[in-house]
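These notes are about the structure you will find just below.
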Amino acid sequence: MWSDAINQNNKTALLAWVKETGIELVQVNGQRKYGGPPPGWIGEPPPSGSEVFIGKLPQDIYENKLIPLFQSVGKLYEFRLMMTFSGLNRGFAYAKYSNRRSVQIAIAALNNFEVQKGCPIMVCRSTEKCELCVDGLASSVEQGQLWTLLQEVTMGVLNISLYPSPSRKGGQLAVLKYNSHRAAAMAKKTLVEGNLGPYGEEIEVDWLKVDMKQKLRDSSERTFPESLQLGGCKSGNPSQTPRGAVTYYLNALCKKQQLGIPVFLTKCVQANPDGWLRFWYQVVIPGYPSPFSGFMWIKPDKSGLSGHDKAKNAIALQLLKTLGESLHGSALAAGRGCSRGS
């Protein structure tokens, strides 16, 4: 939500430009996006290496200045401007072109270009990282639990590997591989905001660095079973957890604490062209003093879960964190107090 008191003139100019050109900008999870694909695009997305990183942007500049500038050197497939809650940009953006040659031209023409007087920008090839490092997981966390969580709150996870943490005694470190840089970046943002809270204390989420990758290669790796990677999972695997496991654990926790079974109300209030759905939710736990309510963005995928089910699982994860008990502890309580359904 924009604050009308900040940078109003440039915001007004942006809105006038959007109306005049008919360009559609979609804001999702802290970034505002054009294209991906743009109108009239036919065929597959551009190959890897077709994106530039744009840094040192003045925070009061918007797409009405930036998109025409970067379109002047090549056909844009997508443009993403990182945004703050106040409506200022965060000082950096990404421009993806239709081919790699346009990237070379953009770097040559626009690196150190002054978008405002005294404000040269930085333009360089985007490093399309796809692997995250999650350190500080509790020793009790299993790969199946982590896999279920990541499929519910992130998109595009391909593989998980667990290692003993090099820096946290008794803890674990997970390497998460995603199918694209964007999927990994969005997952990083989601996980940094606290979705891993139930799995350990002071968890750190960052890009997997080269030195850490080499260190882990030299250690004893416990690889996530191939049958549980993208494409399905074998039945009977001890690491496997059912779909909707997070809501199952929440119900078990509430039963253990004699709070009653949570009642979920969800309503889809916005659907974006790129598939993201915004849900309003309210959860009433009979023994809790007040209901929980808010909004959440969800993108349905091929997991078989509906948007409403994915929203419920993500909400349940936040409630588990709020109620202050780990998923592992909830699962143990569930095992003692009730039998697991199919």
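Scope of the values below: all heavy atoms of this structure, side chains included, with no hydrogens, waters or symmetry mates.
The heavy-atom pair separating Ser139 from Gly170 by the smallest distance is CB-O, 3.1 Å. The nearest pair of heavy atoms linking Gln172 to Ser140 is NE2-N, 4.4 Å. Between Leu132 and Ala184, the shortest heavy-atom contact is CD1-O, 3.7 Å. When all heavy atoms of Leu81 and Ala93 are compared, the closest pair comes out as CD1-CB, 3.8 Å. Heavy-atom minimum distance, Ala311 versus Met296: O-SD, 4.2 Å.
If you take CG on Leu173 and OG on Ser161, they are separated by 10.0 Å, rounding to the nearest 0.5 Å. Separation of atoms CG (Leu14) and CG (Asn64) is listed at 5.0 Å; rounding is to 0.5 Å. Here the CH2 atom belonging to Trp17 is positioned 11.0 Å from the NZ atom belonging to Lys65, to the nearest 0.5 angstrom. How far CD1 of Ile54 is from OG of Ser126: 9.5 Å, rounded to the nearest 0.5 Å. Expressed to the nearest 0.5 Å, how far CG of Leu146 lies from CG of Leu162 amounts to 6.5 Å. Leu176 contributes atom CG, which lies 8.5 Å from atom SG of Cys133 (distance to the nearest 0.5 angstrom).
Checked by atom type and distance alone, the side chain of His181 pairs as donor or acceptor with a backbone atom of Lys129 at under 3.5 Å. Between the side chain of Ser50 and the backbone N or O of Pro46, no donor-acceptor pair lies under 3.5 Å. At distances below 3.5 Å, not a single donor-acceptor pair connects side-chain atoms of Arg80 with backbone N or O atoms of Ala95.
Trp297 and Phe85 fall into different hydrophobic clusters, where Ile, Leu, Val, Met, Phe, Trp and Tyr side chains are chained together by heavy-atom contacts under 4.5 Å. Side-chain heavy atoms closer than 4.5 Å link hydrophobic residues (I, L, V, M, F, W, Y) into clusters, and following such links, even through other members, never connects Leu88 to Val28. Residue Ile315 is grouped with residue Tyr288 when hydrophobic side chains (ILVMFWY) are merged at heavy-atom distances under 4.5 angstrom, including chains of intermediate members. By the criterion of side-chain heavy atoms lying less than 4.5 angstrom apart, applied directly or through intervening Ile, Leu, Val, Met, Phe, Trp or Tyr residues, Val73 is grouped together with Leu69 in one hydrophobic cluster. By the criterion of side-chain heavy atoms lying less than 4.5 angstrom apart, applied directly or through intervening Ile, Leu, Val, Met, Phe, Trp or Tyr residues, Tyr77 is not grouped with Met186; the two fall into different hydrophobic clusters.
Between Arg168 and Glu204 there is a salt bridge, since at least one side-chain N of the basic residue sits less than 4.0 Å from a carboxylate O of the acidic one. In this structure, Arg100 does not pair ionically with Glu51, as no charged nitrogen and carboxylate oxygen lie closer than 4.0 Å.
Put simply, the side chain of Lys188 reaches to within 4.5 Å of the side chain of Trp207, judged on heavy atoms. Looking at Pro262 and Val283, their side chains come closer than 4.5 Å, going by heavy atoms from C-beta outward. In this structure, the side chains of Tyr178 and Thr154 come closer than 4.5 Å at one or more pairs of heavy atoms. Counting heavy atoms from C-beta on, the side chains of Leu25 and Val18 come closer than 4.5 Å. When side chains are defined from C-beta on, His308 counts as touching Phe279, because their heavy atoms get closer than 4.5 Å. Side-chain contact check for Phe92 versus Met122: every heavy-atom pair is 4.5 Å or farther apart. Side-chain atoms of Leu259 and Pro286, non-hydrogen and from C-beta on, never get closer than 4.5 Å to each other. Looking at Glu131 and Lys213, their side chains come closer than 4.5 Å, going by heavy atoms from C-beta outward.
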inquiry  = Using side-chain contact (heavy atoms from CB on, under 4.5 Å), reason through Ile160 and Val175 one step at a time and then give a plain yes or no.
reply    = CA-CA 6 Å; Ile160 302 170; Val175 173; over 6 Å; no

message = For a side-chain contact (heavy atoms from CB on, under 4.5 Å) check, start with the C-alpha distance between Trp280 and Thr266, then their side-chain angles and the critical distance, and finish with the verdict.
response = CA-CA 6 Å; Trp280 167 87; Thr266 59; over 6 Å; no

inquiry  = Quick one, Tyr97 with Val52, criterion side-chain contact (heavy atoms from CB on, under 4.5 Å). Give me CA distance, side-chain angles, the key distance, then yes/no.
reply    = CA-CA 8 Å; Tyr97 286 95; Val52 295; 4.2 Å; yes

message = Quick one, Trp276 with Gln27, criterion side-chain contact (heavy atoms from CB on, under 4.5 Å). Give me CA distance, side-chain angles, the key distance, then yes/no.
response = CA-CA 10 Å; Trp276 285 91; Gln27 185 152 343; over 6 Å; no

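Between Tyr94 and Phe79, the ring centre distance reaches or exceeds 6.0 Å.
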Less than 3.5 Å apart, which donor and acceptor atoms pair up between the side chains of residues 101-120 and the rest of the protein, not counting sequence neighbours?
from, atom 1, to, atom 2, distance (Å)
Ser102, OG, Asn99, OD1, 3.0
Asn111, OD1, Val123, N, 3.0
Glu114, OE1, Gly118, N, 3.2
Gln116, NE2, Asp60, OD1, 3.2

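Relative to the ring axis of Tyr62, Arg32 places its NZ or CZ within 45° and under 6.0 Å from the centre. In this structure, Arg278 is positioned above the aromatic face of Phe295, its NZ or CZ under 6.0 Å from the six-membered ring centre and within 45° of the axis.
Looking only at atom types and distance, the side chain of Thr84 has no donor-acceptor partner in the side chain of Asn89 under 3.5 Å away.
Counting non-hydrogen atoms of other residues, nucleotides and ligands closer than 6.0 Å to NZ of Lys177 gives a total of 12 or fewer.
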